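Written below as structure tokens is the structure these notes are about.
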Amino acid sequence: MSVPQTYGASLYDLAKDEGMSREILLELEGIVSLFNEHPAYVKILDAPQIERDDLMEILNEDFLGKVNRYVLNFLKLLSEKHIVHHIGECFKTYEKLYNEDNSIKIVNVTTAKPIGKHLEEKLLQKLEKKKGGKVVLKMHVDKKCIGGIIIETDGIRIDSSIKSGLEDLKKALI
């Protein structure tokens with residue numbers, strides 16, 4: 001297990017023991033999104049030139065009272081170790097453990113353009129029926145897909161995109 005995986009698993013164990021696993025999952029998801037939008041902030045938190053006390057002050061100013069204390073302490077720990085840039089990997093491990101414990105299946109869906117809430121709901125219902133449990137759709141838009149849909153879950157990929165069809169046709173012609 002890598003260092004980020006170990007940290008993510010440790011935070012999950014703590015959150016689960018405290019009965020806060022969902023709350024912390026949602027806060028981590030928000031922080032990962034925020035950090036992805038502001039990579040310069042992550043570089044500041046990872047910078048070994050910045051004194052520990054200054055890093056703690058930055059984190060307290062930005063997050064104290066806004067996130068769970070365990071999340072704030074987790075950010076402080078990552079900052080002290082200069083590995084805040086690994087928070088995405090920590091989150092993936094946390095999310096994986098959370099989903100396993102709660103029997104949630106993640107399904108990645110890629111389309112050329114957004115499919116709309118109605119179709120998304122119909123797809124979700126069909127997948128939940130097929131999987132026999134809770135499914136979370138992670139919707140992605142990729143214009144290269146041209147049309148159709150790509151569904152990925154549990155290491156299985158169903159590709160009915162126009163791009164894939166054209167590539168198959170090209171191979172057949174060559």
Side-chain angles (χ1 to χ4, degrees), residues 1-16 18 20-102 104-117 119-121 123-124 134-146 149-153 157 161 163:
M1 193 177 271
S2 71
V3 171
Q5 290 172 328
T6 302
Y7 279 64
S10 296
L11 180 61
Y12 180 73
D13 289 341
L14 173 66
K16 185 178 173 186
E18 295 293 321
M20 301 175 155
S21 58
R22 175 136 176 85
E23 174 189 341
I24 291 176
L25 173 79
L26 296 174
E27 287 186 6
L28 277 179
E29 186 174 38
I31 287 171
V32 167
S33 177
L34 179 71
F35 285 7
N36 285 337
E37 291 173 22
H38 303 283
Y41 186 77
V42 174
K43 286 183 181 182
I44 291 168
L45 295 177
D46 270 348
Q49 309 88 308
I50 299 176
E51 295 293 325
R52 179 192 179 281
D53 290 341
D54 293 336
L55 287 172
M56 298 308 112
E57 189 176 322
I58 290 169
L59 288 168
N60 282 332
E61 284 178 18
D62 293 341
F63 295 103
L64 187 63
K66 298 173 186 165
V67 296
N68 181 288
R69 64 187 166 107
Y70 294 126
V71 173
L72 178 56
N73 289 337
F74 186 68
L75 291 173
K76 289 178 178 181
L77 177 65
L78 295 179
S79 267
E80 283 185 83
K81 303 286 184 187
H82 307 292
I83 58 171
V84 176
H85 62 280
H86 286 297
I87 194 163
E89 295 167 72
C90 297
F91 172 70
K92 283 180 186 176
T93 299
Y94 186 103
E95 182 181 41
K96 181 178 183 264
L97 293 169
Y98 177 86
N99 289 340
E100 286 172 2
D101 280 353
N102 292 283
I104 297 171
K105 299 288 184 194
I106 300 295
V107 178
N108 288 298
V109 178
T110 306
T111 56
K113 61 182 182 177
I115 63 172
K117 288 293 177 198
L119 286 176
E120 191 175 318
E121 187 60 36
L123 178 61
L124 178 64
K134 177 85 174 127
V135 170
V136 172
L137 294 180
K138 300 247 178 163
M139 302 300 295
H140 309 279
V141 174
D142 182 359
K143 293 189 187 312
K144 295 177 190 170
C145 189
I146 303 173
I149 190 169
I150 301 169
I151 299 173
E152 298 172 286
T153 185
R157 179 181 170 112
S161 66
K163 178 184 178 188

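A quick note: this is a predicted structure, and the numbers were derived from the prediction, not measured.
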Next item on the list: State which residues pass salt bridge (charged side-chain N to carboxylate O under 4.0 Å, His left out) with Lys134; sequence neighbours excluded, sorted by chain then number.
Entry: none
Item checked: Identified side chain to side chain contact (heavy atoms under 4.5 Å, CB included) partner of Tyr12 from the options Leu25, Thr93, Leu97, Ile24 -> Leu97
Note to self: Which residues pass the salt bridge (charged side-chain N to carboxylate O under 4.0 Å, His left out) test with Lys81, not counting sequence neighbours?
What the structure shows: none
Note to self: I'd like to know if the side chain of Asp46 pairs up with that of His85 as donor and acceptor (distance under 3.5 Å, no hydrogens or angles considered).
What the structure shows: yes
Next item on the list: Calculate, to the nearest 0.5 Å, the distance between atoms CG and CD1 belonging to Leu45 and Ile83 respectively.
Entry: 12.5 Å
Item checked: Ile151 side, atom CD1; Thr111 side, atom OG1 - distance, nearest 0.5 Å -> 10.5 Å
Next item on the list: Measure the CD1-CE distance between Ile50 and Met56 for me, rounded to the nearest 0.5 Å.
Entry: 10.5 Å
Note to self: Test side-chain contact (heavy atoms from CB on, under 4.5 Å) on Tyr94 and Ser21; report intermediate values, then the result.
What the structure shows: CA-CA 9 Å; Tyr94 186 103; Ser21 58; 3.8 Å; yes
Notebook entry, point to check: Taking atom OG1 of Thr110 and atom CD1 of Ile115, what is their separation to the nearest 0.5 Å?
Noted result: 11.0 Å
Item checked: Test: Lys76 and Glu80 ion pair at under 4.0 Å -> no
Checklist line | Pairwise distance CG(Leu55) to CG(Leu75) - rounded to 0.5 angstrom | finding: 11.5 Å
Item checked: Cationic N near anionic O, under 4.0 Å, Glu95 to Lys138 -> yes
